[in-house]
Amino acid sequence: MSQIDINARSETTALKQPKELFSYSRNIDGTWNLDEAQSKTELLSYYYFPDALLASKPNLSQGLKNFIKIPDAMNVADFPSLLKGLQNHEQIDGKRTKVDIITFRGIMTKMLTLPYNLNNGIDLYITAFDKQLFIKNNDELDEKRKARPNNDPQKAHHMQVCEFAGYKFECLTTIPKPWAQCTRQTIDKRDKKVVNNYEQYISVVKTGIGKVKTLLAGEVDCLWDYIPEDGESILPHYVELKTSRVVTSPNQAIQFEKKLFRTWAQCFLLGIKRIVYGFRDDEYALQSVEIFDTEEVPLLLKDNEIPRNENPRVVCIDALKWYGAVLDWLTKNIDLSDELVSYKFSYLPNGRYFRLSKCTDEENSSLREGGILTEEFKQWRRSIRKD
Ligand code: 0WD
Ligand code: CA
């Protein structure tokens, strides 16, 4: 077993410009669509929210009882679809994608924000294959934690409404096609549309920090304006949509700061430039909408003068130095060519270390046989192996 001190920091934070490799999507019936063009035309929507719509203070809880919600256990990061998409991409590209780590953005958001979220545990599985690390969340453990009885039904209900409110906000602020191609009906009846969280669009991006190259798959909410011409990066055109309670007290300001930091990490990792926050009151009525520039968030956090008591000021560059250190450590402490073991990489709440330990043989086999890797992907990579 080996461990990395959570106070580890890399000296530099040389960052690579993220680049989209491909995209795919999840349909309303929960099936995956690996057709990139179709995913972009059918599942990628457009931001459209004229200020005038705020006047009616739309209620973000409206339609909750018709919410088409994917069961939590099914809504986990899905490796088989990502790897199939990657295989398609490599077949078109004619070569293996040269990265060190393949994972989902949500996992890397947890890593990057760790220095300012010390009381959240993180439990990951890591498998080396074809000289690359595949990192997966331990979803079973998360499910068990979530399944603990909640003794406060009022709070449980509030959490449910808040989750719905996020998807409702997406529904109110987006249209399925560019404005000129939408019917009047589609635009005007957005508030009546049945909300679902099955449909999603996923962008797969190549990026990295220091010497470590990463491939990250992450959900993207919508486009700000249009899909650019070939040759120009689509990433700066994407938007992240979020909701939060209106900030009315210093304590809430601290909570919002934490959320904004997490959102910054989420967007930064994929190279998304714009964040749109919808602020709602305690009755879930939408009070205001504010647009943040991802690049400006670190400065906002740095200059924010709020009474923060024991809460440390969030320094994004410090989080990046930790992120650089931990990814570098992983690629150096795991033998990338050992395909006989898998690892657990875990951080206990309020711990001082992130620990790497070997999985049991059973866990290793299950990760290599469907848990992370698929037979089809392994065969594909073996078929193009040079040695
Ligand atoms: O615990 C789950 N059910 C999770 C599911 C956790 C993390 C991811 N996912 C799924 C997503 O549905 C997607 O298919 O993995 C895929 C890739 O996601 P990602 O981009 O790596 O995930 P992340 O950055 O953590 O979150 C993106 C979105 C969220 O948007 P907001 O605006 O809330 O950050 O994934 C959804 C959500 O729409 N999502 C969740 N939905 C339900 N329960 C959860 C969750 N715990 N976490 C993320
Ligand atoms: Ca969102």
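This is a predicted model, so every value here is computed, not measured. One-based numbering, in listed order, for ligands and for the atoms of each.
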I'd like to check which ligand 1 atoms, numbered from 1 as shown, lie under 4.0 Å from a non-hydrogen atom of Glu240. 32 (O)
Could you check which N/O/S atom of Glu240 is closest to the Ca ion (ligand 2)? OE2
So which protein heavy atom does atom 46 (N) of ligand 1 come closest to, and at what separation? Lys146 NZ, 4.2 Å
When rounded to the nearest 0.5 angstrom, what distance separates CH2 in Trp224 from CD in Glu240? 13.5 Å
If you scan the protein for heavy atoms around atom 27 (C) of ligand 1, do you find one that is closer than 4.0 Å? yes
Test log, rule side chain to side chain contact (heavy atoms under 4.5 Å, CB included), inputs Tyr238 and Ser203: CA-CA 10 Å; Tyr238 287 148; Ser203 170; 3.9 Å; yes
Stepwise, does the side chain to side chain contact (heavy atoms under 4.5 Å, CB included) test hold for Ile372 with Phe129? CA-CA 10 Å; Ile372 295 184; Phe129 172 70; over 6 Å; no
Does CZ belonging to Arg184 count more than 12 external heavy atoms closer than 6.0 Å? no
Keeping Lys168 on the side-chain end and Asp191 on the backbone end, is there a donor-acceptor pair under 3.5 Å? yes
Starting from atom 17 (C) of ligand 1, find the nearest protein heavy-atom neighbour and note its residue, name and distance. Phe104 CD2, 3.6 Å
Among the heavy atoms of Ile70, does any lie under 4.0 Å from an atom of ligand 1? no
Can you confirm whether Asn119 is buried at CG, in the sense that more than 12 heavy atoms of other residues, nucleotides or ligands lie under 6.0 Å from that atom? yes
Using heavy-atom distances only, which candidate in Glu143, Gln200, Arg262, Gln266 approaches atom 11 (C) of ligand 1 most closely? Gln200
So that I can tick it off, tell me whether Glu20 and Lys206 are bridged by a salt bridge, with the cut-off set at under 4.0 angstrom between side-chain N and carboxylate O. no
Of the non-hydrogen atoms in Thr174 and Ser45, which two are nearest, and what is the gap between them? CB-OG, 3.6 Å
Please report which non-hydrogen protein atom sits nearest to atom 35 (O) of ligand 1, along with the residue it belongs to and the distance in Å to one decimal place. Glu219 OE1, 3.4 Å
Which part of Thr263 is near ligand 1, with near meaning a heavy atom under 4.0 Å away: side chain, backbone, both or neither? neither
Check whether Trp322 reaches the backbone of Met111 with its side chain - one donor and one acceptor, N or O, closer than 3.5 Å. yes
If you have a sec, work out which protein heavy atom is nearest atom 9 (N) of ligand 1 and how many Å separate them, to one decimal? Asn75 O, 3.7 Å
My question is simple, although I want it checked carefully: is atom 48 (C) of ligand 1 less than 4.0 angstrom from any protein heavy atom? no
Lys213 bridged to Asp100 by N-O distance under 4.0 Å: no
If I take the Ca ion (ligand 2) as the centre, what angle separates the OD2 atom of Asp221 from the O atom of Leu241? Nearest 10 degrees is fine. 90°
Less than 4.0 Å is my threshold; does some heavy atom of Ile202 fall inside it relative to ligand 1? yes
Counting only heavy atoms on the protein side, is anything nearer than 4.0 Å to atom 39 (N) of ligand 1? no
Winner among Pro71, Cys267, Ser81, Gly106 once heavy atoms are compared against atom 19 (P) of ligand 1: Gly106
Atoms of ligand 1 under 4.0 Å from any heavy atom of Leu241, numbered from 1 in the order shown, are 32 (O)
To which protein heavy atom is atom 10 (C) of ligand 1 closest, and what is the distance rounded to 0.1 Å? Ala77 N, 3.7 Å
Compute the minimum heavy-atom distance from Ala217 to ligand 1 and say whether it is under 4.0 Å. yes
Restricting to heavy atoms, the pick from Arg105, Arg26, Glu170, Met74 nearest atom 24 (O) of ligand 1 would be Arg105
Those atoms of ligand 1 less than 4.0 Å from some heavy atom in Gly218: 20 (O)
Quick one: nearest non-hydrogen protein atom to atom 33 (O) of ligand 1, plus distance? Lys242 NZ, 4.2 Å
From atom 13 (C) of ligand 1, is the closest protein heavy-atom distance below 4.0 Å? yes
Tyr167 heavy atoms within 4.0 Å reach ligand 1 at atoms 37 (C), 38 (O), 41 (N)
Can you measure from CG (Asp318) to OG1 (Thr13) and round to the nearest 0.5 angstrom? 10.5 Å
Verify the distance criterion only: is there a donor paired with an acceptor across the side chains of Thr109 and Gln266 at less than 3.5 Å? no
Going by atom types only, do Asp123 and Asn137 share a side-chain donor-acceptor pair under 3.5 Å? no
Let me see the working for Arg274 and Asp293 under salt bridge (Lys or Arg N to Asp or Glu O under 4.0 Å), right down to the final yes or no. CA-CA 5 Å; Arg274 279 191 193 85; Asp293 206 335; over 6 Å; no
